[in-house]
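Numbers restart at 1 for each chain; the letters A, B, ... are given by sequence-line order, proteins then strands. What you see is a predicted model, and the numbers here were worked out from it, not measured in a lab.
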2 protein chains.
Amino acid sequence: MEVNNIIDHLTQHGVKPSPQRLNIYKYLIEEKNHPTVDTIFKDLIGAMPTLSKTTVYNTLKLFIDKGVAKVINIENNETRYDADTSIHGHFKCEKCLKVFDINIDMSEIKTLDISGFLIKETHFYLKGICKKCRSD
Amino acid sequence: MEVNNIIDHLTQHGVKPSPQRLNIYKYLIEEKNHPTVDTIFKDLIGAMPTLSKTTVYNTLKLFIDKGVAKVINIENNETRYDADTSIHGHFKCEKCLKVFDINIDMSEIKTLDISGFLIKETHFYLKGICKKCRSD
DNA sequence: ATTAATTTTGCAACAATTACAATAATGTAA
DNA sequence: TTACATTATTGTAATTGTTGCAAAATTAAT
Ligand SMILES: [Mn+2]
Ligand SMILES: [Mn+2]
Ligand SMILES: [Zn+2]
Ligand SMILES: [Zn+2]
């Protein structure tokens with residue numbers, strides 16, 4: 001995606017695109033690596049030497065609030081973030097520690113024993129060993 | 001479930017049933033409340049005044065290792081535990097904060113874009129507002 | 001009864017996150 | 001432009017959930 005599109009996307013969701021916000025958002029959509037705050041910070045501090053970890057926290061919180069990112073909770077003590085806000089699942093490999101996207105069809109699942117419940121978020125993830133790590 | 005059955009169940013899974021372990025396990029299967037360490041500790045300290053929070057952590061870790069309990073990660077910074085080790089999902093109400101069980105049929109989901117992957121754990125949860133809280 | 005092995009406990013250390021106030025940057029109106 | 005108000009960023013301290021570790025207590029074996 002081009003920078004102008006990114007700026008538009010953020011702006012349309014009520015996120016003023018400061019340099020830090022722009023870079024963090026670009027990082028999320030380009031890397032698609034479901035990073036932690038620490039990963040983002042370490043990967044961006046080179047290009048933005050004054051970046052503060054607090055800013056990363058603040059920015060991600062803002063992204064979540066405005067709906068341009070969402071949280072992925074797979075391990076506790078390891079909050080990850082995803083700029084893909086569509087409903088999809090994840091697979092975390094316990095060897096290489098990578099997090100892969102999984103397409104899921106939630107159509108029927110939603111209507112089991114929770115009729116009358118208001119669903120706001122759907123989360124699905126698997127843990128195991130990825131194809132590559134199995135063959136190593 | 002009777003205490004003798006509980007003892008057998010723990011023993012068969014390689015967990016020596018000390019008083020602390022027995023009480024914590026009984027708590028899990030009786031309350032079915034998907035508690036945090038803190039909740040367990042606060043609810044049991046009355047009956048076991050010498051109980052240590054470290055013991056709760058140790059015990060739950062042992063339960064997980066031996067397969068008589070599993071971790072539920074819905075919020076980060078809020079690790080919950082479940083003695084129901086079958087594959088099932090959860091719904092967390094953001095008003096009353098209760099966690100409900102959901103039956104799920106994973107049959108098809110497992111075979112989408114992760115062929116060749118070894119699946120060890122399946123996690124599914126929803127967040128929203130429960131029926132009761134909606135009508136209040 | 002001694003000794004060895006296991007379990008529990010208390011406290012210190014740690015790491016992720018949040019609170020908060022100071023600084024910097026940006027926007028707005030004379 | 002200058003002056004002022006608003007917003008964003010930063011650094012540090014505080015908080016919280018968790019783990020490490022060694023001493024004390026309990027249980028098992030000899
Ligand atoms: Mn994703
Ligand atoms: Mn459950
Ligand atoms: Zn892997
Ligand atoms: Zn509720």
Side-chain angles (χ1 to χ4, degrees), chain A residues 6-7 10-11 13-27 34-66 68-82 92 97 99, chain B residues 6-7 10-11 13-27 34-66 68-82 92 97 99:
Chain A
I6 297 177
I7 290 177
L10 292 178
T11 305
H13 283 80
V15 175
K16 279 207 250 177
S18 72
Q20 287 85 345
R21 290 169 182 173
L22 205 50
N23 279 337
I24 292 172
Y25 189 75
K26 269 171 62 187
Y27 177 87
H34 309 96
T36 62
V37 161
D38 211 58
T39 304
I40 297 170
F41 179 75
K42 282 179 178 150
D43 286 352
L44 291 183
I45 189 66
M48 312 183 73
T50 69
L51 182 65
S52 157
K53 200 174 273 189
T54 303
T55 297
V56 181
Y57 276 106
N58 290 341
T59 300
L60 290 168
K61 189 176 207 295
L62 180 70
F63 286 175
I64 305 297
D65 287 349
K66 300 301 186 181
V68 295
K70 62 179 189 177
V71 172
I72 301 172
N73 265 306
I74 296 182
E75 319 281 352
N76 72 347
N77 85 341
E78 183 186 273
T79 308
R80 290 167 174 264
Y81 298 87
D82 196 342
K92 177 166 181 181
L97 306 181
V99 173
Chain B
I6 298 177
I7 290 176
L10 292 178
T11 306
H13 284 80
V15 176
K16 281 207 250 180
S18 72
Q20 288 84 348
R21 290 169 182 172
L22 205 50
N23 280 336
I24 292 171
Y25 189 75
K26 269 170 62 187
Y27 178 86
H34 310 96
T36 62
V37 162
D38 211 58
T39 304
I40 297 171
F41 180 75
K42 282 179 178 151
D43 285 353
L44 292 183
I45 189 67
M48 314 184 72
T50 69
L51 183 64
S52 158
K53 200 175 273 188
T54 303
T55 298
V56 181
Y57 277 106
N58 290 341
T59 300
L60 291 169
K61 189 177 208 293
L62 181 70
F63 286 175
I64 305 297
D65 287 350
K66 300 301 186 181
V68 295
K70 62 179 189 176
V71 172
I72 301 172
N73 262 306
I74 296 181
E75 319 281 354
N76 74 345
N77 86 342
E78 182 185 273
T79 308
R80 290 167 174 264
Y81 297 87
D82 196 343
K92 176 165 182 184
L97 306 181
V99 172

N/O donor-acceptor pairs under 3.5 Å from side chains in residues 16-24 of chain B, not counting sequence neighbours:
unit_1, atom_1, unit_2, atom_2, d
B/Ser18, OG, B/Arg21, N, 3.2
B/Arg21, NH1, B/Lys16, O, 3.0

Within this structure, what is the [atom1]-to-[atom2] distance between [X] and [N], rounded to whole angstrom?
| X | N | atom1 | atom2 | value |
| --- | --- | --- | --- | --- |
| B/Ile45 | C/dT8 | CD1 | P | 14 Å |
| A/Lys61 | D/dT7 | NZ | C1' | 16 Å |
| A/Ile24 | D/dT9 | CD1 | C1' | 11 Å |
| A/Met48 | C/dA24 | CE | C1' | 14 Å |
| B/Leu10 | C/dT7 | CG | P | 13 Å |
| B/Leu22 | D/dT26 | CG | P | 17 Å |
| A/Arg21 | D/dT10 | CZ | C1' | 14 Å |
| B/Lys16 | D/dT27 | NZ | P | 11 Å |

Within this structure, what is the [atom1]-[atom2] distance for the pair [X] and [Y], rounded to the nearest 0.5 Å?
| X | Y | atom1 | atom2 | value |
| --- | --- | --- | --- | --- |
| A/Thr50 | A/Ile45 | OG1 | CD1 | 7.0 Å |
| A/Thr39 | A/Glu78 | OG1 | CD | 8.0 Å |
| B/His13 | B/Asp65 | NE2 | CG | 13.0 Å |
| B/Thr11 | B/Lys66 | OG1 | NZ | 12.0 Å |

Interface residues of residues 72-82 of chain A with DNA chain D (non-hydrogen, below 4.0 angstrom):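 Going residue by residue through residues 72-82 of chain A, the ones with a heavy atom under 4.0 Å of DNA chain D turn out to be A/Asn76.
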Run the numbers on B/Ile40 and B/Val37 for side-chain contact (heavy atoms from CB on, under 4.5 Å), then give the verdict. CA-CA 5 Å; B/Ile40 297 171; B/Val37 162; 5.5 Å; no
Less than 4.0 angstrom between a side-chain N/O of B/Ser18 and OP1 or OP2 of C/dT6, yes or no?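 B/Ser18 to C/dT6 OP1/OP2: no side-chain N or O under 4.0 Å.
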So, is B/Tyr57 near the phosphate of D/dT18, with a side-chain N or O under 4.0 Å from OP1 or OP2?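 Result: yes.
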For A/Phe63, give me all partners under ring pair (Phe, Tyr, Trp, His ring centres under 6.0 Å), at least two apart in sequence or on another chain.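 Once residues adjacent in sequence are excluded, the partners of A/Phe63 under the ring pair (Phe, Tyr, Trp, His ring centres under 6.0 Å) criterion are A/Tyr25.
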Start with the C-alpha distance between B/Ile74 and B/Val99, add both sets of side-chain angles, then the distance that settles side-chain contact (heavy atoms from CB on, under 4.5 Å), and finish with yes or no. CA-CA 9 Å; B/Ile74 296 181; B/Val99 172; 4.1 Å; yes
Show me the protein contacts with nucleotides 10-14 of chain C, counting only N or O atoms at under 3.5 Å.
unit_1, atom_1, unit_2, atom_2, d
C/dG10, N7, B/Thr54, OG1, 3.4
C/dG10, O6, B/Thr54, OG1, 3.4
C/dC11, N4, B/Thr54, OG1, 3.0

Pair B/Tyr81-B/Ile72, side-chain contact (heavy atoms from CB on, under 4.5 Å): steps then yes or no: CA-CA 6 Å; B/Tyr81 297 87; B/Ile72 301 172; over 6 Å; no
Would you say the side-chain atoms of B/Arg80 pair up with the backbone N or O of B/His34, donor to acceptor, closer than 3.5 Å?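 Indeed, once roles are kept as given, a pair shorter than 3.5 Å links the two residues.
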Test: side-chain hydrogen bond (donor to acceptor under 3.5 Å, both in side chains). Region: residues 53-62 of chain A. Which pairs qualify, not counting sequence neighbours?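 Only A/Asp38-A/Lys53 qualify under side-chain hydrogen bond (donor to acceptor under 3.5 Å, both in side chains).
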Between B/Gln20 and A/Val37, which residue's closest nucleotide on DNA chain C lies nearer the 5′ terminus?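 It is B/Gln20, whose closest nucleotide lies nearer the 5' terminus.
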Report which part of the nucleic acid B/Thr55 touches: base, sugar-phosphate, or nothing (heavy-atom distance under 4.0 Å, all strands).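 Base: the residue B/Thr55, judged by heavy atoms under 4.0 Å, touches a nucleobase.
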Please report how far the helix from C/dA1-D/dT30 to C/dA30-D/dT1 bends, comparing the axis fitted to its first five pairs with the axis fitted to its last five, to the nearest 10 degrees.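 The angle separating the two end axes equals 10°.
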Take A/Asn76 and B/Val71 through the side-chain contact (heavy atoms from CB on, under 4.5 Å) test and state the conclusion after the steps. CA-CA 9 Å; A/Asn76 72 347; B/Val71 172; over 6 Å; no
